[in-house]
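Note that the coordinates shown come from a computational prediction; the quantities given were computed from them, not determined experimentally.
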Amino acid sequence: MTAKTNMNRKQRTVSPKPKKAIKPARKSGLYRTLVNLFRTIVVVFLIGLAWIVYIQWKVQVAPDQALPKQVDVGIVLGASLRQDIPSPGLQERLDLAVDLYNQGKFKQLIVSGGLDHNGSKLTEAEGMRNYLVNKGIPVKSILIEPRATSTYENLLFSKQIMDEQGLVSSIIMTHSYHGSRSLDIAETVGLKDPLVSSTKSKVLFMPYHEVRETLAYTKWIWTKVLLKAGI
């Protein structure tokens, strides 16, 4: 009996202890939160990058529209004055208007732009009219729209003048980088089959204006959504 007892003790000593099951490590709640946050940031970044590329494509590719022999009116979109004289950039738009007027593309012009907050005493429209008259355009051929403070208002208020004057067809004059947004706004405010004639600038610092136009175009798309929603 003593031998059997010793054998049992030896077996108990030699027998390996059962191993505990190893449980897979679980990711902590903080880790999962950080991973989800990182994924969200990447997705938002890619969407933002795609949007910037799309808008820059729109900015770089100005509307390429064949102009008819004649339309009812030309619309010059305003820009800043300097000491009540159109800035060099605005002069480029006005020179385009003079060229098209002399080609007989229209007999009436609307110059659109309100008062700058840079010490100007004249509205953009008044300064533009004075410039055009000095270039030989008859003052009776120029209608002024002196209230607008944005491209949307430029075209909205110009359309109101067109409706009052019985004018229907139009050519909008601006810079190339501004052409796509201007055309989209013109269609949104209800101009019938609007056309855009644009000029490339030789005096503006284009990297600044192209970046600014990306922001302006984004703002316009949001405004357009709100308009369609009736807000």
Side-chain angles (χ1 to χ4, degrees), residues 54-79 86 89-113 124-125 128-129 131-132 135-138 140-202 204 206 209-210 213-214 216-217 219-221 223-224 227-228:
Y54 169 71
I55 293 299
Q56 273 300 305
W57 172 74
K58 297 282 285 184
V59 169
Q60 298 295 334
V61 182
D64 184 16
Q65 300 170 293
L67 300 181
K69 184 177 180 180
Q70 190 176 72
V71 297
D72 294 338
V73 66
I75 303 172
V76 188
L77 303 182
L90 181 52
Q91 289 180 29
E92 290 178 321
R93 298 182 185 184
L94 293 167
D95 289 340
L96 174 61
V98 171
D99 182 45
L100 294 180
Y101 179 89
N102 289 335
Q103 291 180 37
K105 295 297 184 183
F106 39 75
K107 295 182 179 179
Q108 287 286 141
L109 271 164
I110 297 175
V111 289
S112 174
E124 291 175 4
M128 294 159 75
R129 176 198 58 196
Y131 182 90
L132 291 173
K135 290 288 185 175
I137 306 295
K140 64 181 181 180
S141 297
I142 305 171
L143 302 170
I144 66 170
E145 185 294 294
R147 297 181 294 152
T149 59
S150 66
T151 304
Y152 172 68
E153 290 183 349
N154 284 144
L155 292 163
L156 179 65
F157 298 157
S158 292
K159 183 182 184 301
Q160 292 174 359
I161 293 175
M162 290 174 64
D163 292 342
E164 293 167 359
Q165 298 290 327
L167 305 170
V168 179
S169 56
S170 60
I171 296 173
I172 300 161
M173 286 151 285
T174 187
H175 283 101
S176 299
Y177 74 88
H178 191 220
S180 293
R181 179 163 62 100
S182 300
L183 180 59
D184 192 26
I185 294 173
E187 292 170 343
T188 301
V189 302
L191 285 176
K192 183 178 179 180
D193 300 324
L195 300 166
V196 171
S197 181
S198 60
T199 181
K200 290 188 176 181
S201 180
K202 296 179 181 179
L204 297 176
M206 291 314 302
H209 286 279
E210 288 170 356
E213 183 64 12
T214 300
Y217 213 133
K219 180 183 178 182
W220 159 243
I221 294 298
T223 301
K224 183 179 177 181
L227 289 172
K228 290 191 173 183

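The CG atom of N102 sits 5.5 Å away from the CD1 atom of I137 when rounded to the nearest 0.5 Å. Put simply, CD1 on I171 and NZ on K105 are 6.5 Å apart, with the number rounded to the nearest 0.5 Å. With values rounded to the nearest 0.5 angstrom, I110 atom CD1 is found 11.5 Å from I142 atom CD1. Between L77 atom CG and S112 atom OG the span is 6.5 Å, to the nearest 0.5 Å. We find the OG-CZ distance between S201 and R93 to be 9.0 Å, quoted to the nearest 0.5 Å. Going from atom NE2 of H175 over to atom NE2 of H209 covers 8.0 Å, rounded to the nearest 0.5 Å.
By the 4.5 Å heavy-atom criterion applied to side chains, L94 and K135 are not counted as neighbours. Residues H178 and S198 have side chains not in contact (no heavy-atom distance under 4.5 Å, counting atoms from C-beta outward). You'll find the side chain of V73 stays beyond 4.5 Å of the side chain of I161, heavy atoms only. In this structure, the side chains of E210 and Q60 come closer than 4.5 Å at one or more pairs of heavy atoms. Two residues are said to be in side-chain contact when any heavy atoms from C-beta on lie closer than 4.5 Å; M128 and L109 fail this criterion. Two residues are said to be in side-chain contact when any heavy atoms from C-beta on lie closer than 4.5 Å; K159 and D163 meet this criterion. Proximity of L167 to F106: side-chain heavy atoms (C-beta onward) are nowhere separated by under 4.5 Å.
Between the side chain of E213 and the backbone N or O of I55, no donor-acceptor pair lies under 3.5 Å. Without hydrogens or angle criteria, E92 side chain to K202 main chain gives a donor-acceptor distance under 3.5 Å. The closest donor-acceptor contact from the side chain of S197 to the backbone of M173 lies at 3.5 Å or more, if one exists at all. Between the side chain of E145 and the backbone N or O of N154 there is no donor-acceptor pair closer than 3.5 Å.
In plain terms, the two heavy atoms of Y101 and K107 that are nearest each other are CE1-O, 3.7 Å. Scanning both residues, L143 and Q165, for their nearest heavy atoms gives CD1-CG, 4.0 Å. Across every non-hydrogen atom of S182 and T151, the tightest pair is OG-CG2, 4.0 Å. Here the closest heavy-atom approach between residue Y131 and residue P86 is recorded as CB-CG, 3.8 Å. For the pair S169 and D72, the tightest heavy-atom approach, listed with the atom from each and the gap, is OG-N, 2.9 Å. In terms of heavy atoms, L191 sits closest to S170 at CD1-OG, 4.2 Å.
L155 pairs in a side-chain contact (heavy atoms from CB on, under 4.5 Å) with only one of the listed residues (L183, T188, I172), which is I172.
The existence of a salt bridge linking K224 and D184 is confirmed by a sub-4.0 Å separation between a basic side-chain nitrogen and an acidic carboxylate oxygen.
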Applying side-chain contact (heavy atoms from CB on, under 4.5 Å) to L100 and L67, what does each step give before you reach the verdict?
CA-CA 10 Å; L100 294 180; L67 300 181; 4.1 Å; yes

